[in-house]
Amino acid sequence: MTDMMAEIAAFDGRTAKIVGPARSGKTEALLRRAAAAVAAGCAPEDILIETSTAEAARVARRRLVDALAAAGVQDVEDIAGRITVACAQQVCLTVLEAPETRAATGRTPRVLAPFEYNFFLEDMKTLGTPARRLRSELGHIKQQWCALVPEEDWAVGEEKDVLDLAHRLLSATNAMLEDEVAYLCGRYLQSDAGAGARQRFALVLADDFQNLSAAQQTCLCLLARDQLIVAGNPDETVRVATSSPAPEGFATFDTLRRNVTVFTLDTAFGNPNVTAFCDAVVRAGNEEALAADQREGTIRDIATVKWNTPDEEFNGLSRYLFAVNAEDPEAAQSDICIVAPNKQWAHAFEQMLAHRGFAVSSLGFERLAGDPREMKRARSLVAYTSLNLIAEPDDLFAWRAWLGFGNYLTYSDGWHFLLEWCDENDAGILDALEAAASARAAGEPEPFPRAERLSERYEAGRAMIAANSGRRGHGLLAAVGAEGLRDFAALSASIAGDEDAAALYAMMRETQFFPTHTASARAVRVSSYEQMCGCGYRAVYAVGCVDGFMPARDAFEVVSTDADRDRVREADRRTFAAGVAKATDALMFSTFSRAPLELAERTKMQVARVRMEDGERIATLRPTCFIAETGAAAPITLGGQALLADLGMD
């Protein structure tokens with residue numbers, strides 16, 4: 001393995017592919033190649049290291065310092081800071097943000113946050129297409145963008161009408177959809193106008209290439225001048241960098257190109273039981289993955305722990321972690337990761353860990369959620385949009401969101417009439433709103449239908465901006481209604497208190513698109529499965545391991561087709577295996593057998609049966625099917641009380 005790593009570090013060919021199982025050193029190989037290139041005289045600015053997530057980039061940047069030092073490079077901190085280490089979406093946005101790219105594409109890379117997409121979707125419904133078919137067509141449009149298929153090659157009929165309206169809405173508000181980013185970047189780099197942006201980097205080193213869309217993969221290839229090396233494994237595909245990953249782009253990388261050198265890393269480091277289990281998950285019960293008599297170690301090695309209820313899981317596992325920490329209080333808490341299946345479970349463990357005295361860093365559950373049609377359920381969304389408008393009063397999509405809060409149709413009909421008025425009068429959106437406000441003040445007829453209501457919201461927005469533009473820090477958060485909201489808790493705890501709206505909004509926007517863990521070594525990590533990509537932890541605790549959480553309930557729905565259920569199950573299978581494979585030493589699965597039916601239904605657990613207990617309906621649950629499918633590689637199973645007893649706890 002040492003010889004293979006050295007060979008990769010010294011590779012001087014044009015194109016290479018690194019393939020290997022989880023924890024086989026693929027990322028390390030790329031980092032050593034970058035360090036060797038710098039040591040050989042390559043300018044740091046000429047190197048791009050791509051990752052699937054911003055957190056993976058943060059971790060890679062930290063490890064890059066060690067690789068540079070090992071290669072004999074001086075001033076490693078400075079050199080590492082000059083090498084571009086970023087996720088694919090960040091790379092594409094950097095290309096699109098250049099003035100020459102904006103001029104060529106005619107688009108502004110102001111990407112819609114997920115909650116803002118709901119306003120876009122409501123406005124798309126004015127086309128009259130039934131909602132289910134509209135979502136299907138938008139899904140197909142996104143898939144074509146991710147595949148980098150030119151729009152003129154596939155957009156016809158009703159789908160072209162949908163695409164045309166999408167373009168109109170996005171262009172009018174200077175906005176962009178997430179799945180558009182790589183498509184527009186790729187099309188630009190392929191065009192004559194983008195010739196100057198191609199081959200921007202001498203070396204492009206792409207990690208977890210299988211997680212990227214075909215458009216993202218193409219962009220990285222076009223940015224490489226002298227050398228391109230991709231690393232990955234199709235079995236580790238996770239939907240984290242894009243909604244449409246293209247593992248086939250990695251699988252066929254060497255067959256579709258000439259003279260590609262393939263490096264195979266066949267040894268996985270870390271706990272062999274973890275590796276064997278994850279291999280068996282992917283292969284759905286490969287009995288040869290690990291013979292039962294090969295499993296050695298303690299119950300802290302790899303095990304499934306069963307609790308009776310979710311409350312017992314939250315309380316018992318947090319007590320266990322407290323006791324384990326007491327055995328070695330100086331150990332880095334950042335080496336411990338709780339992998340949660342959803343936002344509710346993540347927040348529950350955050351609260352219990354904090355109650356036990358742990359510092360906690362959560363990742364993968366930051367995206368704002370709520371219903372913009374109901375003000376009580378839109379408090380976080382309104383606070384975010386308020387910060388946006390105070391920071392950028394001319395942000396047109398922020399105005400679109402502001403105008404729509406609290407209406408059952410988000411005033412999509414009024415917005416439709418507003419855009420028509422803009423077209424008829426060759427005017428902008430703010431011009432239309434000013435005209436509506438002037439007409440209302442003068443008691444004149446509405447310039448377009450629903451103008452009066454939109455002008456009321458517009459004037460309220462202007463008043464909000466004027467009243468708060470001078471506020472800073474916690475005072476500003478309180479003024480926009482963010483203080484005390486869970487979605488803003490991390491921001492509130494991290495600021496100095498003198499930040500203006502632009503700084504606070506930038507910080508919140510970063511968490512929406514490119515979140516990372518705190519750098520503190522004293523904070524236990526709580527993570528989604530997807531955000532485990534590119535990371536590694538000494539001990540991983542996968543919680544809420546019940547059917548319906550992992551795999552999702554859509555994998556069991558009887559109203560779906562077999563193909564739909566299989567698609568969900570197989571995607572979740574790889575996500576599950578890739579996530580828990582990040583445990584280097586210990587891996588524990590935590591599950592529970594029953595829960596109140598109302599909780600089970602609300603959180604979408606898969607209910608096996610329902611029974612009455614003390615007058616309450618109780619759902620009986622099953623552990624995730626992925627564990628049972630691993631056959632001989634399955635971990636040992638014990639009860640929660642036995643786990644606590646192992647540490648002398650009652």
Side-chain angles (χ1 to χ4, degrees), residues 1-2 4-5 8 18-31 52 56 59 63 207-211 231-238 247 250-251 263-305 335-339 525 527 529-542 545 550 570 572-590 623-637:
M1 181 60 65
T2 301
M4 180 68 74
M5 285 288 190
I8 295 172
I18 304 172
V19 62
R23 307 213 59 78
S24 59
K26 299 184 292 295
T27 303
E28 181 66 20
L30 294 179
L31 297 176
S52 291
V59 173
R63 294 173 58 186
D207 201 10
D208 290 313
F209 200 68
Q210 76 283 344
N211 290 343
N233 182 339
D235 286 342
E236 295 180 74
T237 302
V238 177
F250 178 77
F263 297 99
T264 301
L265 304 176
D266 51 16
T267 301
F269 298 99
N271 189 326
N273 292 346
V274 174
T275 302
F277 172 82
C278 295
D279 182 67
V281 169
V282 171
R283 283 154 182 76
N286 178 1
E287 291 290 334
E288 297 178 358
L290 182 68
D293 60 1
Q294 287 181 289
R295 288 178 290 161
E296 299 176 352
T298 68
I299 63 171
R300 301 187 204 178
D301 182 11
I302 174 170
T304 296
V305 180
D335 276 344
I336 299 172
C337 185
I338 306 291
V339 190
R525 288 5 187 174
S527 176
Y529 281 93
E530 292 81 4
Q531 287 291 341
M532 297 291 281
C533 182
C535 303
Y537 300 96
R538 176 178 54 80
V540 170
Y541 299 86
C545 290
M550 184 57 73
E570 293 312 304
D572 283 354
R573 179 189 305 283
R574 282 164 174 73
T575 299
F576 178 75
V580 300
K582 303 308 179 183
T584 58
D585 297 337
L587 173 61
M588 184 179 291
F589 302 98
S590 179
T624 172
C625 59
F626 294 148
I627 294 177
E629 291 173 353
T630 59
I636 60 174
T637 301

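With hydrogens and angles ignored, the 3.5 Å screen pairs a side-chain donor or acceptor of Asn211 with a backbone N or O of Val238. With hydrogens and angles disregarded, a donor-acceptor distance shorter than 3.5 Å links the side chain of Arg573 to the backbone of Val281. A distance-only check finds a donor-acceptor pair linking the side chain of Thr624 to the backbone of Phe626 [under 3.5 Å]. A donor-acceptor pair under 3.5 Å links the side-chain atoms of Thr584 to the main chain of Tyr537, judged by distance alone. Glu236 places no side-chain N or O within 3.5 Å of a backbone atom of Ala578 that could act as its donor or acceptor partner.
Listed here is the closest heavy atom pair of Ser24 and Met5: O-CE, 4.3 Å. Here the shortest heavy-atom pairing between Pro234 and Ala251 reads CG-CB, 4.2 Å. Shown here for Thr575 and Glu530, the closest heavy-atom pair between the two residues is CG2-OE2, 3.9 Å. Heavy atoms only, all atoms of each residue included: Pro21 and Asp266 are closest at CD-CA, 4.4 Å. Taking both residues in full, the closest heavy atoms of Gln531 and Cys535 are given as O-SG, 3.8 Å, listed atom of the first, atom of the second, then distance. Here the shortest heavy-atom pairing between Cys533 and Ala56 reads O-CB, 3.5 Å.
Residues Asp208 and Phe250 form no side-chain contact, since every pair of their non-hydrogen atoms from C-beta on lies 4.5 Å or further apart. In this structure, Val580 and Cys278 have side chains that are in contact, with non-hydrogen atoms separated by less than 4.5 Å. Thr304 is listed as a side-chain neighbour of Ile627, based on a closest heavy-atom distance under 4.5 Å. At least one side-chain heavy atom of Ile336 sits less than 4.5 Å from a side-chain heavy atom of Tyr541. In this structure, the side chains of Lys582 and Val274 stay at 4.5 Å or more apart for every pair of heavy atoms. Taking the side chain as every heavy atom from C-beta outward, Met550 and Cys545 never approach each other to under 4.5 Å. Two residues are said to be in side-chain contact when any heavy atoms from C-beta on lie closer than 4.5 Å; Leu587 and Pro635 fail this criterion.
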I'd like to know whether Arg525 forms a side chain to side chain contact (heavy atoms under 4.5 Å, CB included) with Ile338, so could you lay out the CA-CA distance, the side-chain angles of the two residues, the decisive distance to 0.1 Å, and finally the verdict. CA-CA 6 Å; Arg525 288 5 187 174; Ile338 306 291; over 6 Å; no
Show your reasoning for whether side chain to side chain contact (heavy atoms under 4.5 Å, CB included) applies to Phe269 and Thr275. CA-CA 9 Å; Phe269 298 99; Thr275 302; over 6 Å; no
Where do Arg283 and Asp235 land on the salt bridge (Lys or Arg N to Asp or Glu O under 4.0 Å) test, with the steps shown first? CA-CA 9 Å; Arg283 283 154 182 76; Asp235 286 342; 3.2 Å; yes
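Under the ring pair (Phe, Tyr, Trp, His ring centres under 6.0 Å) criterion, Tyr529 pairs with Phe576, not counting sequence neighbours. Judged as a side-chain contact (heavy atoms from CB on, under 4.5 Å), and not counting sequence neighbours, the contacts of Ala231 are Ile18, Lys26, Leu30, Asp207.
A salt bridge links Arg63 to Glu28: one of the charged nitrogens lies within less than 4.0 Å of a carboxylate oxygen.
To the nearest 0.5 Å, atom CG of residue Asp585 and atom CG of residue Asn273 are 11.5 Å apart.
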